[in-house]
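Notes for the one structure printed next.
Every value quoted in this text rests on a predicted model; they were computed, and no experiment measured them.
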Amino acid sequence: MLNTIKINLKNKVQKSSKIIKLNKIENKKPISKTLPVFQYPISNERDHRVYVWGMADHGALGTLKSTVYEKGISYIPKPKRLSFGERHDVTNIACGYGFTAFAVRSNDKNILFGSGINTDSQLGFDEKDKKFPNGLITEPRPINLPIKDSSTKVLDIAAGRAHLLVLTNEGLFTLGNNAYGQCGRPIILNENYEKSTVIHHIPSIKGKKIKSITAGQDHSILLTESGEVYTFGWGADGQTGLAHYRNEYRPSLVKGDLAGQHIIKVACVADCVLALSDKGKVFGWGNSEYAQLFVEDGNQQVNIATEIDKLKHLGHIVDIACGGCFCMVLNNTGDVYVWGFGILGFGPKITKIVQPTLIPATLFGNNAYQKNTKVIKIFCGMNHLAALTNTGDLYMWGCNKFGSLGLGDCKDQYFPLKVNVGAQVKKVACGIDHTVILCKPFI
């Protein structure tokens, strides 16, 4: 009996303690835990990516990794993300004949890097270059410009066959071969450009600021803020537009039909030049062996700026590009027109077009599901062409030497084809047999 009473008392005590504990738990405020939230990393506004492809042996791609080796030559047939672009804040790119220049934002004076062929010191000369054989810089290294201030920035860069133009807020710097005066300094007969440390400086043009620069094969073109065009260098094909065929080392004003016009862009990669005005008019001069300039009198070398009347009916032109033997223009509705000689985008059987001809918009991704897609920029190399859409997609076509179209093979491409790039393309630089692009991350 006594044991039974003890057991009952024990059970009552246990029940009452449980009730007290439950009451404490019920009265206690619930603790809210912050659950982890998964989120994709978001890029900064200044983040850039650099992709390269094409011929790799000369070092212009800035890397010799992940190359395809065929018939004694190494190349990269599809876009490869360049690690240099991850380590440096790249702001601009330019491709010459087998070399590449990279403008970077920096806190010191290393605002320009270069890789590739350097036989004429077009990438400057550094004692460290001894580790690179045969004058080939196979990875980007600094190009030491004689700038005064560490806050100086590169505003524009352009590369020719063996010379480099670098526009900064301290003025223009020129490097490399000056055999025809293309560096803007007096020509020295038999000058040795190998291991040269000569860098010429042009602060302004008659007190006018230089806005942008363009490099032809062996001549140079400067565009001022007032819309005037100045040229110097090789003039045998009239590419300087100075009304003669002589070489000229002094930056000289291009007149002709440019008189009174405000030019906003100049395009050239060889010896034919196109210029675009703020009113959408197009002018040309230089080599017209393949009817690039629509000359009626049979003259194949035009030495004075001439308005191209055959483009007037195409609407307001907003961009221009000029290859080795063909030209391309873009109007404000996104229509792309091509003419000249080569693989122009109209199939394997059409290699010469004497009239500006429209490439169908459907070939650039415009369709029933993407009605607003259109081309906003165009680019040319010597033998290949490129178009950039408002969605950041890149289309390329033309001669696919060493995979310079980035399509994964070396087969020529007869129609525009989208390049598989894992980023939003912003700028394209086309060399002779290589291509470099500057991109923004998608996110």
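At least one side-chain heavy atom of L242 sits less than 4.5 Å from a side-chain heavy atom of V254. Inter-residue side-chain proximity for H163 and Q182 is flagged as met; some heavy-atom pair is nearer than 4.5 Å. Counting heavy atoms from C-beta on, the side chains of L253 and V229 never come closer than 4.5 Å. A heavy-atom distance below 4.5 Å is not found between the side chains of L61 and W53. Counting heavy atoms from C-beta outward, F364 and K374 have side chains that stay 4.5 Å or more apart.
Annotation: W397 is not in aromatic contact with F326 [ring centroid separation under 6.0 Å not met].
Checking side-chain atoms of N118 against main-chain N and O of L123 turns up a donor-acceptor pair under 3.5 Å. A distance-only check finds a donor-acceptor pair linking the side chain of Q239 to the backbone of D237 [under 3.5 Å]. In terms of modelled atom types and a separation under 3.5 Å, the side chain of S404 and the main chain of D433 share no donor-acceptor contact.
Partners of Y230 under the side-chain hydrogen bond (donor to acceptor under 3.5 Å, both in side chains) rule, at least two apart in sequence or in another chain, are E228. In this structure H201 satisfies the ring pair (Phe, Tyr, Trp, His ring centres under 6.0 Å) test together with F173, sequence neighbours excluded. Judged as a side-chain contact (heavy atoms from CB on, under 4.5 Å), and not counting sequence neighbours, the contacts of E191 are R185, I188, Y193.
Using bins of under 30°, 30° to 60° and over 60° for the plane-to-plane angle, the ring pair Y75/F402 lands in the tilted bin.
Contact detail for P251 and I205: the closest heavy-atom pair is CB-CD1, 3.8 Å. For the pair S121 and S196, the tightest heavy-atom approach, listed with the atom from each and the gap, is OG-N, 2.8 Å. In plain terms, the two heavy atoms of A429 and C95 that are nearest each other are O-SG, 3.4 Å. The shortest non-hydrogen separation linking L112 to A101 is CD1-CB, 4.4 Å. Between Q292 and G324 the shortest heavy-atom distance is NE2-O, 3.9 Å.
Screening residues 300-318 for salt bridge (Lys or Arg N to Asp or Glu O under 4.0 Å) gives E307-K312, D309-K312 as the qualifying pairs, with residues at least two apart or on separate chains. Here salt bridge (Lys or Arg N to Asp or Glu O under 4.0 Å) pairs that include residues 69-93, with residues two or more places apart or in two chains, are R46-D89, R81-E86, D89-R105.
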Handout entry: Step-by-step salt bridge (Lys or Arg N to Asp or Glu O under 4.0 Å) determination, D218 to R161
Key = CA-CA 6 Å; D218 292 303; R161 174 161 59 178; 2.3 Å; yes
Q: Let me see the working for F113 and F102 under ring-ring contact (aromatic ring centres under 6.0 Å, His included), right down to the final yes or no.
A: CA-CA 5 Å; F113 287 72; F102 306 88; 8.1 Å; no
Between N177 and T119, is a side chain to side chain contact (heavy atoms under 4.5 Å, CB included) present by the stated rule, with each step listed?
CA-CA 9 Å; N177 194 297; T119 53; over 6 Å; no
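K265 and D319 are joined by a salt bridge, as a carboxylate oxygen and a charged side-chain nitrogen come within less than 4.0 angstrom of each other.
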Review item, side-chain donor-acceptor pairs of residues 412-423, under 3.5 Å, at least two apart:
unit_1: D412; atom_1: OD1; unit_2: N400; atom_2: N; d: 3.0
unit_1: Q413; atom_1: NE2; unit_2: F415; atom_2: O; d: 2.7

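Counting non-hydrogen atoms of other residues, nucleotides and ligands closer than 6.0 Å to OH of Y290 gives a total of 12 or fewer.
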